[in-house]
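Working notes for the structure below.
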Number of protein chains: 2
Amino acid sequence: MSWTERTEETLRQAGYRRGAARRIVVSVLAREGCCVTVPEIVDAARRQGHDVGLASVYRVLDLLTEKGLAQKIELGEGRARYERVEPQHERHHHHLVCTDCGRIEPFSDEELETALRRVEEETGFAVASHDVLLRGSCDDCRAA
Amino acid sequence: MSWTERTEETLRQAGYRRGAARRIVVSVLAREGCCVTVPEIVDAARRQGHDVGLASVYRVLDLLTEKGLAQKIELGEGRARYERVEPQHERHHHHLVCTDCGRIEPFSDEELETALRRVEEETGFAVASHDVLLRGSCDDCRAA
DNA sequence: ATCAGTGCAAAACATTTGCAGCATG
DNA sequence: CATGCTGCAAATGTTTTGCACTGAT
């Protein structure tokens, strides 16, 4: 079952209707692999031939985040980014950000996840999710 | 050499003057162990008997961050937090945030740092810093 | 005395909210 | 055909910027 299918199914079962904004935002997130900003979502939607209101995008993203179907990520840019969350932590990844040009690259590492799981168990919290952010200069910026 | 001394020395050597706002913000960050918001800094300053303009606080924080003396952290609250950075990564730590009440707890783990250092070497970036954010419910909120 | 640093007020953004009309179930 | 969803516009909150004045060197 694809992320889109699982998402539509989850929302339907929770009693939500399948409105235009929800369909459009889900469609955009399904195609975008890594984290995108709200204006980027609106632009991508327009490129697909659909217009969505900013407010609706924020509302859909809040809903998806609350249901664990998407997650909000802040990389220090002063605005949030969102990306889909796959079941079984498939394609789970973290982010590498270039402090010079803003370039964002995803990465993943199983040993890091193992260390995180252990730390999460040791805290007094019931940890639901985690983010790792690496900041530095990308190869292009270092060469320049 | 304390963080305050190192900070004042670094700024002086870089040709910056020792103005009121800089002295006040440095003094507040020196006393706060963990990440604080800009209004929290202004309030803490007032409690110490000093008034600072919001804009100046932002400007000082930008400068300290650029010089690697402080770091900006976003925990998904819609506003940034700042904390001092000690030399040799002393007191280096990460953050655990309760998604119910907003409580923030610092934690540190040497094995996690080791895993991070290894991952950082494998990227094509020259990684300068990293943040780890754990989200979940704190014991109080889970009990309630 | 010079000019960097500061504070205020205004501007620029990001995000949230109120509400009237539309469209889903 | 009821009411949940959407879009607009206004409100809110955070961060940035312009500018005249102050104070450090």
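Here is the naming used below: chain letters follow the sequence lines, and residue numbers restart at 1 for every chain. Bear in mind that the values here come from a model prediction, so they are computed numbers and not experimental data.
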Atom pair CG/CZ of A:D139 and B:F125 - distance to nearest 0.5 Å = 7.0 Å
query = Considering the terminal five base pairs at each end of the helix from C:dA1-D:dT25 to C:dG25-D:dC1, what angle separates the two local helix axes, rounded to 10°?
reply = 30°
Heavy-atom side-chain contact between B:F107 and B:L134 under 4.5 Å = yes
key: Contact pattern, 5' to 3', of nucleotides 3-12 of chain D - B, S or - by protein heavy atom under 4.0 Å   = BBSSBBB---
Side-chain touch B:L61/B:L29, heavy atoms, less than 4.5 angstrom = yes
key: B:E105 and B:H93: CA distance, side-chain angles, deciding distance, side chain to side chain donor-acceptor pair (under 3.5 Å) verdict   = CA-CA 10 Å; B:E105 300 241 336; B:H93 62 269; over 6 Å; no
ask   = When you look at A:R118 and A:E122, which way does the salt bridge (Lys or Arg N to Asp or Glu O under 4.0 Å) test go after all the steps?
value = CA-CA 7 Å; A:R118 190 183 44 70; A:E122 289 173 7; 3.0 Å; yes
query = Less than 4.5 Å apart, any side-chain heavy atom of A:E83 and any of A:Q71?
reply = yes
key: Straight-line distance of B:D109 CG to A:T123 OG1, nearest 0.5 Å   = 11.0 Å
query = Taking atom P of C:dT24 as reference, at what distance in whole Å does atom CG of A:L11 sit?
reply = 16 Å
For atom NZ of A:K72 and atom C1' of C:dT15, their distance in whole Å = 9 Å
From B:H130 atom NE2 to A:H94 atom NE2, the distance as rounded to the nearest 0.5 Å = 12.5 Å
task = Return no unless some side-chain N or O of A:Y58 is found under 4.0 Å from OP1 or OP2 of C:dT16.
result = no
